[in-house]
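A note on names: the letters A, B, ... follow the listed sequences, proteins ahead of strands, and every chain is numbered from 1.
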Amino acid sequence: MCICILYLNVLSRISGSQATEVKVSEVEFNPNFVSRMIPKLEWSALVQAADGLGHLQDLPTELIADYEANEDFLRKVHRVLLEVEVLEGCLQCPESGREFPITRGVPNMLLNEEEA
Amino acid sequence: MEPCLENVKAIRRSKEEKKLLRKQIKASHTLLKHEGISTVSKPTKSLVVANGGLGNGVSREQLQVVLGEGGDVETLIMHPHKPYALVTYRTEVSAQRGHVLLNGRQLQCGDQVVTLYLSYVDTVDSESGVCAVLPPGLVLVEEFVSLEEEALLLDAIDWKSHDEEVTVQKALKHRRVKHYGYEFRYDNNNVDKDKPLPGGLPQACVFVLERCVRDRHVKVMPDQLTVNQYQAGQGIPPHVDTHSAFEEPILSLSLGAKTVMDFRHPDGRSVAVVLPGRSLLVMKGESRYLWTHGITPRKFDVVPACDPESPVAVTSDFSNHSNLTLSRRGTRTSLTFRNVRRTPCDCAHPSACDSQQAPPSPPSLPRSQTDACRLEAEYVHSVYEEIAGHFSSTRHSPWPRVCHFLSSLEPGSIVADVGCGNGKYLGVNPEVFAMGCDRSCALVQICSERGFQAFVSDALSVPLRSDICDACISIAVIHHLSTQERRQAAVEELVRLLRPGGRALIYVWALEQEYNKQRSKYLKETREQAPPGNSTDDHNQETKVNSTDDHNQETRVKLSVHTNRTAFNSQDLLVPWHLKDGGIKKGGRVSKMTKDPPIDTKSPVLAPCPVFHRFYHVFQQGELEELCARITGVMVQCSYHDQGNWCVILEKTRDR
């Protein structure tokens, strides 16, 4: 499950201790694609997630202006969005603390009957 | 001067050379026709060795030696049942030398002679398959007992004993069997729980049981033992040990020669597991309750070749065909320890469970959320989990109009596929960011393996932010919800995910399979294509037609079982899914499993071809639009009929 899904989620907390297996792979860089994704992201959640996984590196903590033209920046976003994947770990709801496991790259977001 | 057979200049060939050439060409034609291997005339580093396969009884070791005469062999690929091998030499020169020396060479394999014919092929990639994984719940513990302990145990089993009180020895058609503790009866495939055999389990086995408890393979000491002795060429048909007879785990200690045990999942997946002598097999969970296990009666097994550096072979890496060889079987004795079950089985695999097989009453249309959830759990979710593999293999062609919807989206759009199944639509438009979710873990796993972004969730509660999606699709999903309220809630959830101006495409199965005088593909496919046993199961089912007006119902409305590939006669029904037969394939034909329990198995597979029932509410014309009209803030952009489905495109209006 690539990192950008994680913060599209309502639940956005993930910490390094909870991610037991993270994979970084090479994905073809498409600057237009990344540019279009950025306005849809909750930037602070992305930063927090990346940091929690130990993959923040030099990603700016604030969204910069004029990012469309800034290839350097777009590449940093690309890496974190599409190349960092959590294979084993869990997502935690910041409100309830309820944990959702990620197994073989797949998060299981099912709630029990009582919780729904 | 060595003759080069590919030389097109006319040279004098001897009669034998001409004959050899004819046979070589014939062999290469056969390979092309039956195996899809095309040979080339120009020398390369790779050759196909016709008749030099594991399927012909030629072992890797033998072939390797012979091929080595040409030079250094880089890779040698031998598929388990094929009549050829694929060899890649380190250099082209070696390949040419190999060709000259070995084309027409005769090999002695056991009591037959095979003649090798070599032809060049385009250089072969050695296969990198995914390592076969053991069925869930299965654990193999090697060297569980020592050589001395093995000898003691084998000695303790007295096949000649006439002491009827202690053992019940049955002379079964193939393998030899003895029972201790409780007798396993082959007439009803169950244990006589009220008549324990005197003497209990043999004293000699106690240390084995204590070791199993100590090593936490089992919590409670087993109270039943079945000893099976297999000579080479003997086996046991595939079966699941009767759920109601025994608990889990089932422990099986292998003594003597190693063998290969085949595990099969109802969806057709199979895993071959090498059981070395002195190993303990622990079967729990799925491997005990759902997968069948059996030993094919054979004299040879195909096993992974041992790495000389590590004497113990990898137990299940059959996917790597550059590392297989033959192993001749010897006499094997298995000691299977089990705990007799005292209460009905309540496992998670009702399809294979004799305790749970017949639900007390046929299902009916739910009248509450709880009922609805329960019905869907049994007749949708657990079914898809069981059939996922087979289901996925039948869902490979994306529907054109859905593709059109996806392809017309702006690059960089965020798209959610709610109920994505095997991810069929997730890769259709690479310019958008597509995420899939489905209720079935097994199906989502397939999506993940294909490299798609997917997670497991319920369609009524999708863990994505509101207003985040530029588009959503929900193809053949909502018809699985069993009440009108839940179906509407599912559409509302899609609308919640959409940004203002975003669009959703929804497909549901139509009651009217014929539209504009066109019969849908579902009806068009002929009955001959349906698997055997299709309609016979449905004879005794309820055929009461369901009324769509639930308010006036006093009694619960029973759900009728639909006959596949016919018109729907009711809106709420159970649609059968016939899982591919999991029987042993012989020569490409699937062997039929009869309904009579086989005499010499531990317990039968309960259904010859497992049938699963899925709940559907098929939509009437106009019903989907009506549903959408009840939701505020949406506009139906268009609606149409496509291949037996009613379809709408919804737009979330900008001012809500």
Correct closest heavy-atom pair for Pro107(A) and Ala454(B) would be CD-O, 3.6 Å
Could you check which of Ser413(B), Cys437(B), Ser457(B), Cys447(B) has the highest count of heavy-atom pairs closer than 4.5 Å to chain A?
Ser457(B)
A side-chain contact here means heavy atoms from C-beta on lying under 4.5 Å apart; do Arg36(A) and Glu410(B) qualify?
yes
Contact between Val106(A) and Cys441(B) at the side-chain level, heavy atoms closer than 4.5 Å - yes or no?
no
Check: Lys40(A) and Asp470(B) side chains under 4.5 Å, non-hydrogen atoms
yes
Proximal component of Ser35(A), with respect to chain B [non-hydrogen, under 4.5 Å]:
neither
Is the closest side-chain heavy-atom distance between Phe433(B) and Leu82(A) below 4.5 Å?
yes
Strictly distance-based, threshold 3.5 Å: is any side-chain N or O of Arg104(A) a donor or acceptor partner for the main-chain N or O of Gln445(B)?
no
Between Phe455(B) and Met109(A), what is the shortest heavy-atom contact and its length?
CD1-CG, 3.9 Å
Taking the side chain as every heavy atom from C-beta outward, state whether Arg439(B) and Leu110(A) have any pair of such atoms under 4.5 Å apart.
yes
